[in-house]
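Everything on this sheet refers to the single structure shown next.
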2 protein chains.
Amino acid sequence: MATGRTHRPATRSRGIPEATVARLPLYLRALTALSERSVPTVSSEELAAAAGVNSAKLRKDFSYLGSYGTRGVGYDVEYLVYQISRELGLTQDWPVVIVGIGNLGAALANYGGFASRGFRVAALIDADPAMAGRPVAGIPVQHTDELEKIIEDNGVSIGVIATPAGAAQQVCDRLVAAGVTSILNFAPTVLSVPDGVDVRKVDLSIELQILAFHEQRKAGEEAEAAGSDGSGPVAAARQESAEQGPDGDVPAVMPA
Amino acid sequence: MATGRTHRPATRSRGIPEATVARLPLYLRALTALSERSVPTVSSEELAAAAGVNSAKLRKDFSYLGSYGTRGVGYDVEYLVYQISRELGLTQDWPVVIVGIGNLGAALANYGGFASRGFRVAALIDADPAMAGRPVAGIPVQHTDELEKIIEDNGVSIGVIATPAGAAQQVCDRLVAAGVTSILNFAPTVLSVPDGVDVRKVDLSIELQILAFHEQRKAGEEAEAAGSDGSGPVAAARQESAEQGPDGDVPAVMPA
DNA sequence: AGGTGTGAAACTCTTCACAGCA
DNA sequence: TGCTGTGAAGAGTTTCACACCT
């Protein structure tokens with residue numbers, strides 16, 4: 001890793017594993033659906049199925065949060081929704097700005113999944129003066145010149161970058177300088193940020209490339225398997241099938 | 001683990017770890033940039049920096065592909081581009097269909113990153129009859145009724161779902177029935193697919209929730225730290241900062 | 001010298017399997 | 001009885017550190 005020294009002696013055991021954190025939103029989504037159907041309790045087995053994980057993993061994940069279940073019964077849906085929301089920090093309001101209002105930025109602005117969690121789109125920002133003032137998803141687009149003012153006035157700490165790759169680092173620098181400490185990056189570039197700033201990235205073409213890898217392997221195996229196993233083509237077999245591998249791992253910190 | 005493997009003692013040692021596969025596109029992007037600047041060779045250190053990983057990891061990753069470097073020198077850029085492309089299956093053409101042409105679907109259709117890899121948008125499909133015939137990114141949108149025909153005529157094995165959550169499973173079923181074996185899902189739902197079909201998902205709000213978790217933790221630590229360490233506010237401290245955790249892990253299989 | 005390739009150690013995450021409580 | 005909570009085993013991933021080649 002970069003410089004660091006690793007272990008943090010102190011900071012106590014608030015240690016929820018990253019892998020667990022990444023699944024909490026999944027559980028939350030499943031729980032919200034149950035809540036809307038007024039289901040009072042769920043077993044780890046049922047909830048795991050709804051979230052698409054196995055029950056042992058789910059129970060282990062929840063064990064990091066505390067003992068919120070009842071043996072012999074299961075989990076109280078409403079209570080769990082609250083606990084997970086709190087753990088994820090969704091009980092507070094998070095103003096976010098979206099920079100780069102092309103198709104993707106517009107899609108993000110219109111995406112209902114944000115508002116339903118604690119996220120509020122505080123502003124849309126674009127470098128194109130022609131966009132300024134035009135409303136997208138009911139929010140008027142503002143010019144990049146206003147970026148710093150917007151961040152400060154709204155106390156924004158989370159920024160979404162949906163600009164072309166070429167503009168991303170520059171936008172990122174300005175966001176960070178203005179006080180943003182978490183960035184969700186859709187531009188296909190590695191962003192360099194100072195220590196203390198989190199970056200997560202979503203790269204559409206990377207996901208497709210991973211699929212292509214597996215797709216190619218299937219084709220190869222298929223050809224190779226001709227004859228080795230006489231039991232029909234696809235066969236039934238194990239559930240589980242498609243786990244999404246360790247995907248991510250975005251370093252985000254870049255040593256000059 | 002995606003679908004397939006597992007069983008089958010045979011299939012020989014073509015085993016590239018998932019974590020490595022997930023990083024190959026990152027390396028490829030960095031290498032492509034170097035290639036465009038006509039850089040002939042790179043060291044693991046330089047390339048790692050450009051891709052945002054550390055050099056030991058990069059060398060280990062490449063070691064799974066073979067010994068493509070030269071000790072004391074580094075890696076030949078063009079050669080590596082080719083080897084990685086081949087490994088990912090990008091030396092062949094992958095026709096893909098995008099289903100659901102809202103803002104997000106349109107963004108995907110317009111995304112240049114696809115064509116520049118081996119992906120070709122074979123068709124855009126939407127359920128809204130009013131969209132039919134209208135061109136998006138130069139490609140006319142076709143109605144959902146045509147889905148099966150399009151898949152078959154074009155030999156499509158990769159499908160992208162950008163529909164609302166409610167329609168996703170149905171679309172998924174039709175894609176699979178028509179022969180698609182890899183799906184990239186943008187709808188916030190767990191998709192149920194038969195064995196042998198890969199699903200990767202991208203959920204915008206999940207990424208934001210993970211950022212919120214860390215953001216909240218930062219705020220907490222900051223408050224808690226007041227006084228414990230006299231050296232200025234933010235301090236240097238842990239480098240580490242922004243690794244994108246084990247993010248993914250999409251189960252994709254959903255019972256009932 | 002300079003930088004790759006790689007065993008081995010360290011760490012993280014997942015799965016097992018069962019004790020223990022409602 | 002039924003299902004949670006969890007120690008322990010197992011699998012996968014990252015990092016170390018150095019032998020080895022150019």
Side-chain angles (χ1 to χ4, degrees), chain A residues 1-8 13 15-24 27 41-49 51-77 79-80 83 238-240 243-251 253, chain B residues 1-2 5-6 13 15-24 26-27 40-49 51-77 79-80 83 239-240 243-251:
Chain A
M1 221 66 318
T3 326
R5 157 127 6 31
T6 359
H7 3 13
R8 137 200 10 191
S13 56
I16 298 179
E18 265 303 306
T20 294
V21 172
R23 281 188 296 267
L24 292 181
Y27 301 143
T41 59
V42 252
S43 66
S44 62
E45 200 70 54
E46 294 165 329
L47 182 54
V53 302
N54 71 49
S55 63
K57 198 186 281 182
L58 177 143
R59 288 200 302 279
K60 183 60 115 182
D61 283 342
F62 286 179
S63 79
Y64 293 117
L65 307 184
S67 290
Y68 296 148
T70 306
R71 292 170 199 234
V73 179
Y75 301 91
D76 181 275
V77 173
Y79 186 53
L80 248 195
Q83 290 299 343
R238 21 204 315 101
Q239 207 35 320
E240 281 309 282
E243 285 264 339
Q244 180 160 333
D247 177 61
D249 181 54
V250 159
V253 171
Chain B
M1 354 241 107
R5 100 288 128 332
T6 339
S13 56
I16 299 179
E18 266 302 307
T20 295
V21 172
R23 281 186 296 267
L24 293 181
L26 237 50
Y27 301 142
T41 58
V42 251
S43 67
S44 62
E45 201 70 56
E46 295 165 328
L47 182 54
V53 302
N54 72 48
S55 63
K57 197 186 280 182
L58 178 144
R59 287 200 303 278
K60 184 61 118 181
D61 283 343
F62 286 179
S63 79
Y64 293 117
L65 308 184
S67 290
Y68 297 148
T70 306
R71 294 175 196 232
V73 178
Y75 301 90
D76 181 276
V77 173
Y79 186 54
L80 248 194
Q83 290 299 343
Q239 223 359 336
E240 278 312 278
E243 285 262 339
Q244 179 160 333
D247 176 65
D249 183 52
V250 159

Rounded to the nearest angstrom, tell me the gap between atom OH in Tyr68(B) and atom C1' in dT22(D).
-> 20 Å

May I ask you to evaluate whether Asn54(B) reaches the phosphate of dT15(D), defined as a side-chain N or O under 4.0 Å from OP1 or OP2?
-> yes

Under the side chain to side chain contact (heavy atoms under 4.5 Å, CB included) rule, what do Leu65(A) and Leu24(A) come out as? Steps first, then yes or no, please.
-> CA-CA 10 Å; Leu65(A) 307 184; Leu24(A) 292 181; 4.1 Å; yes

In short, the helix from dA1(C)-dT22(D) to dA22(C)-dT1(D) is bent end to end, axes from five pairs each side, to 10°, by 10°

Are Arg23(B) and Val53(B) side-chain neighbours, meaning at least one heavy-atom pair lies under 4.5 Å?
-> yes

Any chance you could lay out the side chain to side chain contact (heavy atoms under 4.5 Å, CB included) test for Leu47(B) and Phe62(B), step after step, and finish with the verdict?
-> CA-CA 12 Å; Leu47(B) 182 54; Phe62(B) 286 179; 3.8 Å; yes

Strictly under 6.0 Å, is that where the ring centroids of Tyr79(A) and Tyr68(A) end up?
-> yes

Atom CD of Glu18(B) to atom P of dT14(D): distance rounded to whole Å?
-> 12 Å

Give the rounded distance in Å between these two atoms: CG of Asp76(A) and P of dT4(D).
-> 13 Å

Expressed in angstrom and rounded to an integer, what is the separation of Leu47(B) atom CG from dG2(C) atom C1'?
-> 17 Å

Which listed nucleotide (dT14(D), dC3(D), dT14(C)) is nearest to the side chain of Arg23(A)?
-> dT14(C)

Could you check whether Tyr75(A) gets within reach of a base, just the sugar-phosphate, or nothing at all, counting any heavy atom under 4.0 Å?
-> sugar-phosphate

Go through the structure and list residues passing side chain to side chain contact (heavy atoms under 4.5 Å, CB included) with Ser44(A), not counting sequence neighbours.
-> Ser55(A), Leu58(A), Arg59(A), Tyr75(A)

Between Arg59(B) and Gly72(A), just flag the one whose closest nucleotide in DNA chain D comes earlier from the 5' side.
-> Gly72(A)

Asp61(B) or Tyr64(A), whichever maps to the more 5' nucleotide of DNA chain C = Asp61(B)

Closest non-hydrogen atom pair between Val77(B) and Val42(B), with its separation | CG2-CG2, 3.8 Å

With the side chain of Ala19(A) defined as its heavy atoms from C-beta on, choose the nearest nucleotide among dC13(C), dT13(D), dG5(C).
-> dC13(C)

Given atom CG of Leu58(A) and atom C1' of dC13(C), what is their separation to the nearest angstrom?
-> 15 Å

Less than 3.5 Å between a donor and an acceptor, one on the side chain of Arg71(B) and one on the base of dT22(D), is that the case here?
-> no

Taking for Lys60(B) and for Ser44(B) the nucleotide of DNA chain C with the nearest heavy atom, the one nearer the 5' end belongs to Ser44(B)

Do the side chain of Ser43(A) and the main chain of Glu46(A) share a donor and acceptor less than 3.5 angstrom apart?
-> yes

